[in-house]
Structures are given as structure tokens and as C-alpha cells.
Asker: 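Structure incoming, see below.
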Amino acid sequence: MGMVIAIDGPGGAGKSTVSHGLATRLGYAYVDTGAMYRVIGLLAAERGIAVEDEDALAALCDATQIDFVDRGDRSGVEVAGRDLSAAIRTAEAAQLASRYSTVPAVRACLVAKQRAIGAAGNVVMEGRDIGTVVFPDALLKVFLDAAPPERARRRATELGGGSGDEVERMARDIAERDQRDRTRTHSPLRPADDAVHLDTTTMPVDEVIATLRTMVQQQLDSLASAS
Ligand code: DC
């Protein structure tokens, strides 16, 4: 099986930029699992499926093929030829993803899809439970974090607004999602016991990527010398 690099952490910690950059430099594939939860959240809401309707959610997820398309440092997604890349990036889609991701049937379905993608080869996969649940044997597990005000500032900028009001709204949004993601019963956001912790609050992106690249090389070297 190819190598898996697992990058977990809360929203705005820098996971997407760092994971995409690391994957590009390593020549690995990049998989944004948050995008998959956003797609299911969006489609479920569109079809009026309640969070409680686990059977309908399982059927929806099983029937949905999510195709990733490279869109620079953010992954784009298509479902049956419909481009959902912009629709999944709204604050509303983030909240829907966080809500529907608490449903065990949705998690089981998406984890199976993620394992199938990861089994194909060298991949950097980012999310909330990659090191703890999806690939507990990953070559390297990283838990990225940053101070909440910085995470709110980054998310507001990403969404095209950086005013004080927007940052404040994003701070509330992130706090609500964090609370739900960290306290849910199934696969809550938490660092794996053997994850490397990195606080990116004041670290430039290139430095984070270079640090992780060195760590990946060290892991590969120690694998090679052990075999
Ligand atoms: O990384 P993101 O902001 O795109 O994730 C959106 C939501 O999806 C997040 O609040 C929780 C959920 N999620 C999850 O439960 N497990 C993952 N592996 C990835 C995302």
C-alpha cells in the first residue's frame, strides 16, 4: 500500500493550504475529506433530508460519487457533472457539513470512500479523524492548530471579507463548529496519540510545509533502514 500522510485539525488551522502544498512537493495525491462532508451536507439539505433520517442519508451517500478536480490550493468537487466547488465553500455549507457529519451512517459511508482513495497510493489526506479512524497506520500524523482569532481571520479572508464584523461572525461560527466537532459521539476531532502537534498561528505556510516535508523524509528513511 502507498504512503498516507494524515493531517487533522480544526477549521482555519491551515490544513488545506498546507496539505495541498505538501502533496504537490511530494508528488502525492491530495484529498480534502471536509469537501466530501460538505457535499453530503449540501445535497441532504437540498433534498430536505433530516439529520435524524439515517437510512435516507446512507442511501444518498452510497449513491453519490464525488469527483475531485484540481482547483489550485483548494480542491474542487463535482457530482454527476455538476460543479459544486463554489457552493461547498460558503459558511452555510460548513455548518451543514458539521451537522450531517455527526451521523454514523454518513461517517461510515465517507470513511469507506476515503479508505478506497487512500489505498490507491501516496496521498496527503486532511480532515478531523484521518489519523484516529480513517488511517490509524498512517506514515505521519499531524495535528495542526492555531489560535481561534487567527483561525477566524483566515476563514473570513477566504470567504472574501476581512472586516471586523465578518471576523467576529466567523469567530462565532468556528466556535460553534469546533464545539460540535470535538464533542460528537462518533469520531470526534481529537489528535491521535502519536500525532505531531504544530501551532501555525505565527508560522508562514512555507515553513509549515518545509517542516512537514522533513518529517515525512525522516519517516521514509527510518522505514527504509528498518527493512
Ligand atoms: O475541513 P472543513 O471545514 O471543510 O470540514 C467541514 C466539516 O466537516 C467539519 O466541521 C466537520 C466535518 N468533517 C468531519 O467530520 N470529518 C472529516 N474528516 C472532515 C470534515
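Just follow the structure's listing: the first ligand is 1, and inside any ligand the first atom is 1.
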Asker: Is it true that Asp145 and Lys15 make a salt bridge, defined as a side-chain N closer than 4.0 Å to a carboxylate O?
Answerer: no

Asker: Looking at Arg89 and Asp83, does any basic side-chain N land under 4.0 Å from a carboxylate oxygen?
Answerer: no

Asker: Please determine if Arg99 and Glu92 form a salt bridge, counting it only when a charged side-chain N lies under 4.0 Å from a carboxylate O.
Answerer: no

Asker: Atoms of ligand 1 less than 4.0 Å from Arg184 heavy atoms?
Answerer: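 Answer for ligand 1: 14 (C), 15 (O), 16 (N).
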
Asker: Test of understanding: given a 4.0 Å heavy-atom threshold, classify the contact between Met36 and ligand 1 as side chain, backbone, both, or neither.
Answerer: neither

Asker: List ligand 1 atoms under 4.0 Å from Ala97, heavy atoms only on the residue side.
Answerer: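 So the atoms of ligand 1 that pass are 6 (C), 7 (C), 8 (O).
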
Asker: My understanding is that we take every heavy atom of each candidate and find the minimum distance to atom 3 (O) of ligand 1. Doing that for Gln114, Arg89, Glu126, Arg177, which one comes out nearest?
Answerer: Arg177

Asker: Is ligand 1 under 4.0 Å from a heavy atom in the side chain of Arg155, in the backbone, in both, or in neither?
Answerer: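 The part of Arg155 near ligand 1 is the side chain, not the backbone.
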
Asker: Just checking Asp221: does its CG atom have more than 12 heavy atoms from other residues, nucleotides or ligands closer to it than 6.0 angstrom?
Answerer: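 Atom CG in Asp221 is packed in, count exceeds 12.
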
Asker: Considering only heavy atoms of Tyr37, which atoms of ligand 1 have at least one such atom less than 4.0 Å away?
Answerer: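 Near Tyr37, meaning under 4.0 Å from one of its heavy atoms, ligand 1 has 8 (O), 13 (N), 14 (C), 16 (N), 17 (C), 18 (N), 19 (C), 20 (C).
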
Asker: What part of Arg107, side chain from CB on, backbone N/CA/C/O, both or neither, has a heavy atom under 4.0 Å from ligand 1?
Answerer: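 Contact part for Arg107 vs ligand 1: side chain (C-beta onward).
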
Asker: Decide, yes or no, whether a salt bridge links Arg128 with Asp8 under the criterion of side-chain N to carboxylate O below 4.0 Å.
Answerer: no

Asker: State, without any angle test, whether Arg154 and Thr17 hold a side-chain donor-acceptor pair at a distance under 3.5 Å.
Answerer: no

Asker: Only heavy atoms of Ser101, strictly under 4.0 Å: list the atoms of ligand 1 that pass.
Answerer: 11 (C), 12 (C), 15 (O)

